[in-house]
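Notes for the one structure printed next.
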Amino acid sequence: MSNRSLFAVLFFLLATTLAASSFISDDVFEFRGFTNRNLLQAKTPCPINFEVQNYTIITSQCKGLKYPPKLCCGALKKFACPFAKELNDLTNDCASTMSSYINLYGKYPPGLFSSECREGKAGLK
Ligand SMILES: *[C@@H]1O[C@H](CO)[C@@H](O)[C@H](O)[C@H]1NC(C)=O
């Protein structure tokens with residue numbers, strides 16, 4: 001094996017070790033958070049499949065680098081409106097599931113919508 005490929009192997013091992021260890025610590029943190037929250041409120045799984053929704057309305061209007069709040073929040077509302085009943089039901093995990101997929105499909109920075117789209121303490125209307 002050449003020095004170069006040895007280095008590549010070592011680097012790979014190091015990178016996976018780091019990734020694995022941060023994954024485990026995140027996991028532990030999540031687990032603790034979950035058990036704490038679980039005592040207060042157990043969330044039921046969201047009945048809507050947000051994985052297969054059409055996010056075009058958001059991704060076509062809400063774009064970086066500026067992510068104009070007016071366009072982004074308007075698009076978010078249009079997208080979320082049909083699901084308002086489920087999203088406002090705090091006993092399920094619809095809101096967090098939806099925001100995960102929006103961030104995933106739009107590659108938005110975490111917290112973009114929650115920081116841009118506040119409307120009073122209720123969040124979104
Ligand atoms: C998603 O919605 C847009 C309009 O908002 C439409 O042009 C597009 O065809 C839709 N895509 C799918 C896969 O339904």
Side-chain angles (χ1 to χ4, degrees):
M1 221 190 296
S2 71
N3 274 346
R4 207 170 178 183
S5 56
L6 184 64
F7 179 78
V9 169
L10 283 177
F11 182 77
F12 177 75
L13 286 177
L14 182 68
T16 47
T17 309
L18 288 177
S21 59
S22 80
F23 178 75
I24 289 167
S25 62
D26 282 350
D27 218 38
V28 169
F29 181 77
E30 276 300 306
F31 180 72
R32 283 195 191 130
F34 179 73
T35 45
N36 281 344
R37 245 176 292 145
N38 206 22
L39 295 173
L40 298 171
Q41 44 180 197
K43 301 252 181 197
T44 57
C46 184
I48 301 162
N49 187 353
F50 278 107
E51 191 178 351
V52 297
Q53 300 300 324
N54 183 349
Y55 291 87
T56 311
I57 191 164
I58 299 178
T59 54
S60 65
Q61 298 195 33
C62 181
K63 293 178 178 166
L65 296 165
K66 288 200 163 155
Y67 303 112
K70 216 176 158 188
L71 287 179
C72 288
C73 297
L76 176 66
K77 279 190 219 171
K78 274 189 207 141
F79 173 83
C81 218
F83 316 118
K85 187 167 157 276
E86 287 81 5
L87 288 169
N88 285 325
D89 177 356
L90 297 179
T91 65
N92 65 36
D93 64 1
C94 285
S96 63
T97 308
M98 182 187 78
S99 59
S100 303
Y101 279 113
I102 291 176
N103 286 337
L104 182 68
Y105 287 121
K107 300 189 172 62
Y108 297 118
L112 173 76
F113 290 99
S114 55
S115 61
E116 282 193 343
C117 305
R118 290 246 175 263
E119 290 183 351
K121 66 175 177 178
L124 268 181
K125 288 197 189 115

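Whatever order the structure lists ligands and atoms in, that order sets their numbers, starting from 1. All residue numbers refer to positions in the sequence shown, counting from 1.
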Protein heavy atom under 4.0 Å of atom 12 (C) of ligand 1: yes
Protein contact for atom 7 (O) of ligand 1 (heavy atom, distance under 4.0 Å): no
Stepwise side-chain contact (heavy atoms from CB on, under 4.5 Å) check, Leu71 with Cys62: CA-CA 6 Å; Leu71 287 179; Cys62 181; 5.7 Å; no
Minimum side-chain heavy-atom gap Tyr67-Pro109 below 4.5 Å: yes
Cys pair Cys72, Cys117: SG separation below 2.5 Å: no
Expected output: side-chain Tyr108 to main-chain Gly64 donor-acceptor under 3.5 Å: no
Nearest-option assignment for atom 1 (C) of ligand 1, heavy atoms, candidates Asn54, Thr59, Ile57: Asn54
